[in-house]
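Here is the naming used below: chain letters follow the sequence lines, and residue numbers restart at 1 for every chain.
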Number of protein chains: 2
Amino acid sequence: MPGNTINPEDWLTALDESGFRVTSVQETLIDIFAHSEYPLSAEQAWEVARQSRPKTGRATVYRMIEKLESLGLIRRVHGYQGCTHFVPTLPELMMLFICLYCGRADYLDGQPLNDLIQQSEQTSGHHITESRLQLFGACSDCQQNA
Amino acid sequence: MPGNTINPEDWLTALDESGFRVTSVQETLIDIFAHSEYPLSAEQAWEVARQSRPKTGRATVYRMIEKLESLGLIRRVHGYQGCTHFVPTLPELMMLFICLYCGRADYLDGQPLNDLIQQSEQTSGHHITESRLQLFGACSDCQQNA
DNA sequence: TTCTTATTGATACCAGGTATCAATAAGGCT
DNA sequence: AGCCTTATTGATACCTGGTATCAATAAGAA
């Protein structure tokens with residue numbers, strides 16, 4: 001499954017440019033989210049963070065997640081594990097696929113979604129400003145190994 | 001916005017056929033969910049239920065929602081109001097649209113979604129067994145009145 | 001280096017949701 | 001119809017993911 005290609009530096013820059021102070025917890029948490037190929041919950045991220053930074057506070061993790069989500073750097077996965085997990089947002093419009101066997105996230109080309117939205121706008125008469133699509137199933141790897 | 005055309009009788013039948021006892025709370029809650037054109041949370045449904053059936057318990061509402069969801073009669077809306085609201089499931093595959101202004105749900109033909117899934121399966125190599133799509137924006141009514 | 005103030009971590013708190021359990025009532029059986 | 005079994009209910013206590021508070025810390029401008 002192709003990994004994502006996120007650059008944590010860009011996230012720090014984004015925070016900096018939005019007027020936030022750059023701190024060590026931020027760097028820790030950004031690294032964690034940017035490099036995980038699995039959706040992470042706040043509690044999971046907290047656990048990982050404390051391995052390298054034991055005094056990390058719980059509330060801080062929630063605050064960072066809120067910040068990262070509001071800046072569009074991570075996005076919430078509305079899935080089987082609930083709606084409390086997050087994955088990095090890729091720059092282009094991508095469709096999110098989650099493998100129900102290995103749990104990994106994969107990103108698919110978003111063009112079909114664009115087409116769908118345009119088509120649906122025309123037939124329904126609604127003005128669609130936001131979409132949320134998630135696909136679930138067996139990834140190519142897990143099919144092979146089954 | 002076209003209303004949904006759910007028949008509460010069918011839901012009772014479905015519960016009955018699944019081996020559940022038919023009770024008065026069930027009828028009350030089914031009526032509430034089947035007729036609402038807005039996504040409802042458990043607390044909201046509880047509030048409405050107590051208007052006609054004051055002794056209705058909170059846990060009972062949560063239990064019924066679980067039951068109805070597991071039977072596929074209602075589905076969770078993964079949306080801006082959180083992921084705790086439910087709408088009736090229509091028999092055919094439909095795409096869910098939620099108006100960000102009036103809050104109402106509308107159901108769009110699901111064929112484009114089918115096409116998208118088929119297309120994405122071929123290009124990605126993943127086997128897609130489940131999809132979750134939600135569209136948000138301004139419904140045709142709300143655009144008119146803006 | 002100093003000073004201001006955003007950020008942090010610890011704690012208490014809140015709310016949505018679940019487990020427990022005695023009381024109730026569906027509905028099969030006679 | 002009445003009885004009996006047991007699923008369902010309602011009240012309560014509880015749990016857990018997430019938030020508000022606030023003193024202590026540390027960015028980063030001067």
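- At whole-Å resolution of the value, CZ in Arg53(B) and P in dT9(D) are 8 Å apart.
- Place Pro54(A) and Glu66(B) on DNA chain C by their nearest nucleotides, and Pro54(A) ends up nearer the 5' end.
- The cationic atom of Arg104(B) (NZ for Lys, CZ for Arg) does not lie both less than 6.0 Å from the six-membered ring centre of Phe97(B) and within 45° of the ring axis.
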Verdict with reasoning, Tyr107(B) to Glu92(B), per side-chain hydrogen bond (donor to acceptor under 3.5 Å, both in side chains): CA-CA 10 Å; Tyr107(B) 298 85; Glu92(B) 329 78 57; over 6 Å; no
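- Between the CE atom of Met64(A) and the C1' atom of dG9(C) there is a distance of 15 Å, rounded to whole Å.
- For Glu69(A) and dT19(D), the CD to P distance is 10 Å, given to the nearest whole Å.
- Phosphate contact (OP1/OP2 of dA20(D), side-chain N/O of Arg63(A), threshold under 4.0 Å): absent.
- Across the protein-nucleic acid pair, Gln44(A) atom CD and dG17(D) atom P stand 11 Å apart, rounded to whole Å.
- For Tyr62(A), taking side-chain heavy atoms from C-beta onward, the closest of the listed nucleotides dT8(C), dT19(D), dT18(C) is dT19(D).
- Using modelled atom types, one finds no donor on one side chain facing an acceptor on the other under 3.5 Å when comparing Glu121(B) with His126(B).
- Side-chain atoms of Thr123(A) and Leu108(B), non-hydrogen and from C-beta on, never get closer than 4.5 Å to each other.
- Per the geometry, NZ belonging to Lys55(A) stands 9 Å off C1' belonging to dT25(D), to the nearest Å.
- A heavy-atom distance below 4.0 Å to DNA chain D is reached by none of the residues of residues 70-87 of chain B.
- In this structure, CD of Glu47(A) is placed 15 Å from C1' of dG17(D), rounded to the nearest angstrom.
- The interatomic distance linking Arg58(A) (CZ) with dG17(D) (P) rounds to 8 Å, in whole Å.
- In this structure, Thr56(B) reaches the sugar-phosphate backbone alone: every heavy-atom distance under 4.0 Å involves primed, P, OP1 or OP2 atoms, never a base.
- Near DNA chain D, meaning a heavy atom under 4.0 Å away, the residues from residues 10-32 of chain A are Arg21(A), Val22(A).
- A heavy-atom distance below 4.5 Å is not found between the side chains of Phe33(A) and Pro39(A).
- At least one side-chain heavy atom of Gln26(B) sits under 4.5 Å from a side-chain heavy atom of Lys67(B).
- Both Ala42(A) and Lys67(B) sit near DNA chain D, but only Lys67(B) has its closest nucleotide nearer the 5' end.
- Residue-level contact check: Arg50(B) touches neither bases nor backbone, having no heavy atom under 4.0 Å from any strand.
- Side-chain contact between Trp11(B) and Glu27(B): absent, with no pair of heavy atoms (C-beta onward) separated by less than 4.5 Å.
- Within 6.0 Å of CD on Gln143(B) lie more than 12 heavy atoms contributed by other residues, nucleotides or ligands.
- With respect to Glu69(B) and Arg75(B), no salt bridge is recorded, no charged nitrogen being found less than 4.0 Å from a carboxylate O.
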